[in-house]
Amino acid sequence: MINIVLFGKPGAGKGTQAEFLKDKYNLTHLSTGDIFRYNIKNDTELGQLAKTYMDKGDLVPDEVTIQMLQSEVDKNPQSAGFLFDGFPRTLAQAEALDRFLEAKGQNITATVALEADDNILVARLLERGKTSGRPDDQDEEKIRNRYQEYNEKTAPLMDYYKAQGKFHAVNGIGTIEEVTERLTNVFDSF
Ligand SMILES: Nc1ncnc2c1ncn2[C@@H]1O[C@H](COP(=O)(O)OP(=O)(O)O)[C@@H](O)[C@H]1O
């Protein structure tokens, strides 16, 4: 069983690459952003709560996100492994994930960060915002707020995983295929 965390700033290409990686390595792809958006679309209680944060580019509170993620993992007991995309995003989430997996006799195998320059990413998100319908992709101020959230709350997680010898970085700039190949090289080493 392998459990991988895919890191990367908003727009780094996590979702695009996860689509390929989950098939190649037979992993269950869990994207917290996608799950929240699904709940917003279906107007669930969780969706209504998450929306107030997401629309501003703020993180959804840890308690809500952790509980949701755990229930998604529990919905897939037959899974051969998970590809976590957009989770964990805070130290509290990372610690909760470790405890949760440990209770199941599992752990995080490795984390892989897709790295890219902020200015390139902002341009990508504004472009995506033209067609994605995502309110958080259409306004540069909200986008910048997501980067601030990332730098303050998510970036410190790299040290958390580095200290465990579980951190790998991949250059996220290039064609989709080039980035896929770099990721595949890293995944093949697990
Ligand atoms: N692990 C998480 N903790 C808190 N909020 C989250 C988490 N994952 C997603 N969200 C919320 O969903 C939004 C969109 O997430 P996501 O689709 O992963 O987009 P991106 O990485 O492009 O910003 C985030 O800005 C945040 O509000």
Side-chain angles (χ1 to χ4, degrees), residues 3-19 21-22 28-42 44-73 82-101 108 111-158 160-161 170 172-173 176 179:
N3 294 306
I4 311 284
V5 172
L6 202 53
F7 270 120
K9 291 180 180 172
K14 298 184 297 291
T16 306
Q17 297 295 337
E19 278 305 306
L21 294 167
K22 70 165 190 201
T28 304
H29 174 212
L30 289 185
S31 157
T32 41
D34 285 351
I35 300 165
F36 284 135
R37 280 185 290 277
Y38 175 85
N39 278 277
I40 290 173
K41 202 169 116 217
N42 291 288
T44 67
E45 210 174 306
L46 174 65
Q48 288 170 4
L49 175 71
K51 190 175 186 337
T52 57
Y53 297 93
M54 288 172 73
D55 280 354
K56 288 185 277 185
D58 289 341
L59 291 184
V60 177
D62 280 336
E63 320 79 84
V64 178
T65 309
I66 290 167
Q67 212 177 37
M68 176 191 83
L69 191 278
Q70 293 183 347
S71 92
E72 291 295 323
V73 170
F82 290 89
L83 183 58
F84 297 108
D85 160 5
F87 188 95
R89 260 178 157 97
T90 65
L91 195 56
Q93 292 179 14
E95 289 170 348
L97 182 61
D98 277 348
R99 282 195 301 271
F100 175 65
L101 291 177
I108 291 293
T111 70
V112 186
L114 270 180
E115 296 188 327
D117 178 78
D118 282 13
N119 290 328
I120 294 179
L121 295 181
V122 172
R124 274 194 198 172
L125 288 188
L126 286 168
E127 199 50 42
R128 179 168 87 182
K130 291 181 190 163
T131 53
S132 70
R134 283 178 54 168
D136 59 344
D137 279 350
Q138 289 166 17
D139 176 333
E140 185 152 350
E141 205 177 312
K142 289 175 188 173
I143 292 176
R144 295 277 173 200
N145 185 38
R146 279 152 70 200
Y147 286 98
Q148 201 174 329
E149 289 279 73
Y150 185 92
N151 290 330
E152 277 173 23
K153 297 173 181 167
T154 309
L157 289 187
M158 297 190 194
Y160 178 80
Y161 289 113
V170 163
I173 301 299
I176 292 177
V179 177

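One-based numbering, in listed order, for ligands and for the atoms of each. Residue numbers count from 1 along this sequence.
A donor-acceptor contact shorter than 3.5 Å links the side chain of Asn42 to the backbone of Tyr38. Listed for the Asp34 side chain is no donor-acceptor partner under 3.5 Å among the backbone atoms of Leu30. Using a distance-only test at 3.5 Å, with no hydrogens or angles considered, no donor-acceptor pair links the side chain of Tyr150 to the main chain of Asn145. Side-chain atoms of Gln138 come within 3.5 Å of backbone atoms of Gly129 as a donor-acceptor pair (strictly under, hydrogens ignored).
Summary of contacts: the protein heavy atom closest to atom 8 (N) of ligand 1 is Thr32 OG1, 2.7 Å. Scanning the protein heavy atoms around atom 6 (C) of ligand 1, the nearest turns out to be Phe36 CE1, 3.8 Å. In terms of protein heavy-atom proximity, atom 5 (N) of ligand 1 is nearest to Val60 N, 3.0 Å.
Minimum interatomic distance between Gly11 and Leu121 (heavy atoms only, all atoms of both residues): O-CD2, 3.4 Å.
For Ile176, the CD1 atom counts as loosely surrounded, since its 6.0 Å shell holds 12 or fewer non-hydrogen atoms of other residues, nucleotides or ligands. Within 6.0 Å of NZ in Lys51 there are 12 or fewer heavy atoms belonging to other residues, nucleotides or ligands.
When non-hydrogen atoms are compared, ligand 1 lies under 4.0 Å from the side chain of Arg37 (C-beta onward) but not from its backbone. By the criterion of a heavy-atom distance under 4.0 Å, the side chain of Thr65, and not its backbone, is placed next to ligand 1. Proximity of Glu149 to ligand 1, defined as any heavy-atom pair under 4.0 Å, is not found for any part of the residue. The backbone and the side chain of Met54 each have at least one atom closer than 4.0 Å to an atom of ligand 1 (non-hydrogen atoms only). At a heavy-atom distance under 4.0 Å, only backbone atoms of Asp58 (N, CA, C or O) approach ligand 1.
Between Phe82 and Phe84, the ring-plane angle classifies as parallel under the 30° and 60° cut-offs.
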Enumerate donor-acceptor pairs with a distance under 3.5 Å from any side-chain N or O in residues 64-72 to protein atoms, sequence neighbours excluded.
unit_1	atom_1	unit_2	atom_2	d
Thr65	OG1	Val60	O	3.4
Thr65	OG1	Pro61	O	3.0
Ser71	OG	Met68	O	3.2
Glu72	OE2	Lys75	NZ	2.9

Could you list the donor-acceptor pairs under 3.5 angstrom formed between side-chain atoms of residues 88-98 and any protein atom two or more places apart in sequence or on another chain?
unit_1	atom_1	unit_2	atom_2	d
Arg89	NH1	Gly86	O	3.0
Thr90	OG1	Asp62	OD1	2.9
Thr90	OG1	Asp62	OD2	3.4
Thr90	OG1	Gln93	N	3.1
Gln93	OE1	Arg89	N	2.8
Gln93	NE2	Asp62	OD1	2.9
Asp98	OD2	Tyr160	OH	2.5

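At a threshold of 4.5 Å between non-hydrogen side-chain atoms, the residues Glu115 and Lys9 do not count as touching.
Looking at Gly86 next to ligand 1, an N or O pair under 3.5 Å apart turns up. Any N or O atom pair closer than 3.5 Å counts here, and Gly57 shares no such pair with ligand 1. Considering both main-chain and side-chain atoms, Asp85 never comes within under 3.5 Å of ligand 1 through any nitrogen or oxygen pair. Checked against a 3.5 angstrom limit, the closest N/O atoms of Arg128 and ligand 1 fall inside it. For ligand 1, none of its N or O atoms has an N or O atom of Tyr53 under 3.5 Å away.
Close approach to Phe87 involves these atoms of ligand 1, each under 4.0 Å from a residue heavy atom: 1 (N).
Residue Arg134 places a heavy atom under 4.0 Å from ligand 1. Using a 4.0 angstrom heavy-atom cutoff, Lys14 counts as in contact with ligand 1.
For atom 16 (P) of ligand 1, the choice among Arg124, Arg89, Gln93, Arg146 with the nearest heavy atom turns out to be Arg89.
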